[in-house]
Amino acid sequence: MEPTKDQKIWQVVLSIPEGKVASYGQVAGMAGLGRQARYIGRALGKLPEGHSVPWYRVIRSNGQIAFPEGSPTFVLQKELLERDGVEVKNGKINLREYQWQP
DNA sequence: CAATTGACAAGGT
DNA sequence: AACCTTGCCAATT
């Protein structure tokens, strides 16, 4: 069967190496979706439990996490990123250092 | 069935 | 530098 958009997105996210991050727009572009950056967020929101998709490596184009600071999801993402060796400063990531460059 | 919303981005004012 | 508008598309209300 043909891969769905969601599958392509998950595939791209899975291809992000450890210690790197990618923006929504970047993922959209690599998945062949063009400017459907919003679709990425929805696709990741659909993720079932038990998946192996490093959704936490997907951030905003400005280097910030897409959740409100203080939210459990925000804290979890930050935790996972730092565990991968990504330095999160004041809820922001230094893209020049950590953004995935294929 | 129409309007709103949302893990966004890019361009313009 | 801050704020507003447009595009994009599916799920929810």
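Only this structure's heavy atoms are used, side chains among them; waters, hydrogens and symmetry mates stay out. Each chain gets a letter, A, B and so on, in the order its sequence line appears, and its residues count up from 1.
Here the side chain of K46(A) is nearest to one of dC8(C), dC8(B), dA11(C), namely dA11(C). Each of dA9(B), dA10(C), dG6(B) was ranked by its minimum atom distance to the side chain of R38(A); first place goes to dG6(B). Side-chain proximity of S23(A) to dA9(B), dA7(B), dA10(B): nearest is dA9(B). If you check dC9(C), dA7(B), dA9(B) against the side chain of A66(A), the one that comes closest is dA7(B).
We find that CD of Q26(A) is positioned 15 Å from C1' of dA10(B), with the value rounded to whole Å. Taking atom CD1 of residue I9(A) and atom C1' of nucleotide dC8(C), one finds them 12 Å apart after rounding to whole Å. Between the OH atom of Y39(A) and the C1' atom of dA9(B) there is a distance of 18 Å, rounded to whole Å. Atom pair E69(A):CD and dA7(B):P shows a separation of 17 Å (rounding to whole Å applied). Between N62(A) atom CG and dA1(C) atom C1' the separation is 14 Å, expressed in whole Å. Atom pair Q36(A):CD and dT6(C):C1' shows a separation of 15 Å (rounding to whole Å applied). One interatomic measurement links the two molecules: NZ of K8(A) to C1' of dC9(C), which rounds to 15 Å at whole-angstrom precision. Taking atom CG of D6(A) as the reference point, atom P of dC9(C) lies 14 Å away to the nearest angstrom.
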### Message
Does V86(A) form a side chain to side chain contact (heavy atoms under 4.5 Å, CB included) with N94(A)? I'd like the steps, not just the answer.
### Response
CA-CA 9 Å; V86(A) 177; N94(A) 182 350; over 6 Å; no
### Message
Go through it in stages, so that I can follow the logic: the residues are W100(A) and S23(A), the test is side chain to side chain contact (heavy atoms under 4.5 Å, CB included), and I'd like the CA-CA distance, side-chain angles, deciding distance and then a yes or no.
### Response
CA-CA 9 Å; W100(A) 183 38; S23(A) 67; over 6 Å; no
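G45(A) comes within 4.0 angstrom of a nucleotide base, judged by non-hydrogen atoms across all strands. In this structure, R42(A) reaches the bases: a heavy-atom distance under 4.0 Å links it to at least one base atom across the strands shown. F67(A) comes within 4.0 angstrom of a base, heavy atoms only.
The number of heavy atoms from other shown groups lying within 6.0 Å of CD (E82(A)) is above 12.
R35(A) contributes no side-chain N or O that forms a donor-acceptor pair with the base of dG7(C) under 3.5 Å. A donor-acceptor contact under 3.5 Å links the side chain of Y24(A) to the base of dA7(B).
Contacts with DNA chain B (heavy atom under 4.0 Å) in residues 81-95 of chain A: none are found.
In this structure, the side chain of Q64(A) does not engage the main chain of K92(A) through any donor-acceptor pair within 3.5 Å. Looking only at distances, no side-chain donor or acceptor of Q99(A) sits under 3.5 Å from a matching main-chain atom of I93(A).
For dA2(C) and dA7(B), the C1' atoms lie 23 Å apart once the distance is rounded to whole Å.
Taking the side chain as every heavy atom from C-beta outward, L81(A) and Q77(A) approach each other to under 4.5 Å. The shortest distance between side-chain heavy atoms of I65(A) and T73(A) does not fall below 4.5 Å.
Closest of all the heavy-atom pairs between S61(A) and L95(A) is O-CD1, 3.2 Å.
The phosphate of dA9(B) (OP1 or OP2) has a side-chain N or O of S61(A) nearer than 4.0 angstrom. Within the 4.0 Å cut-off from OP1 or OP2 of dA10(C), at least one side-chain nitrogen or oxygen of K5(A) is found.
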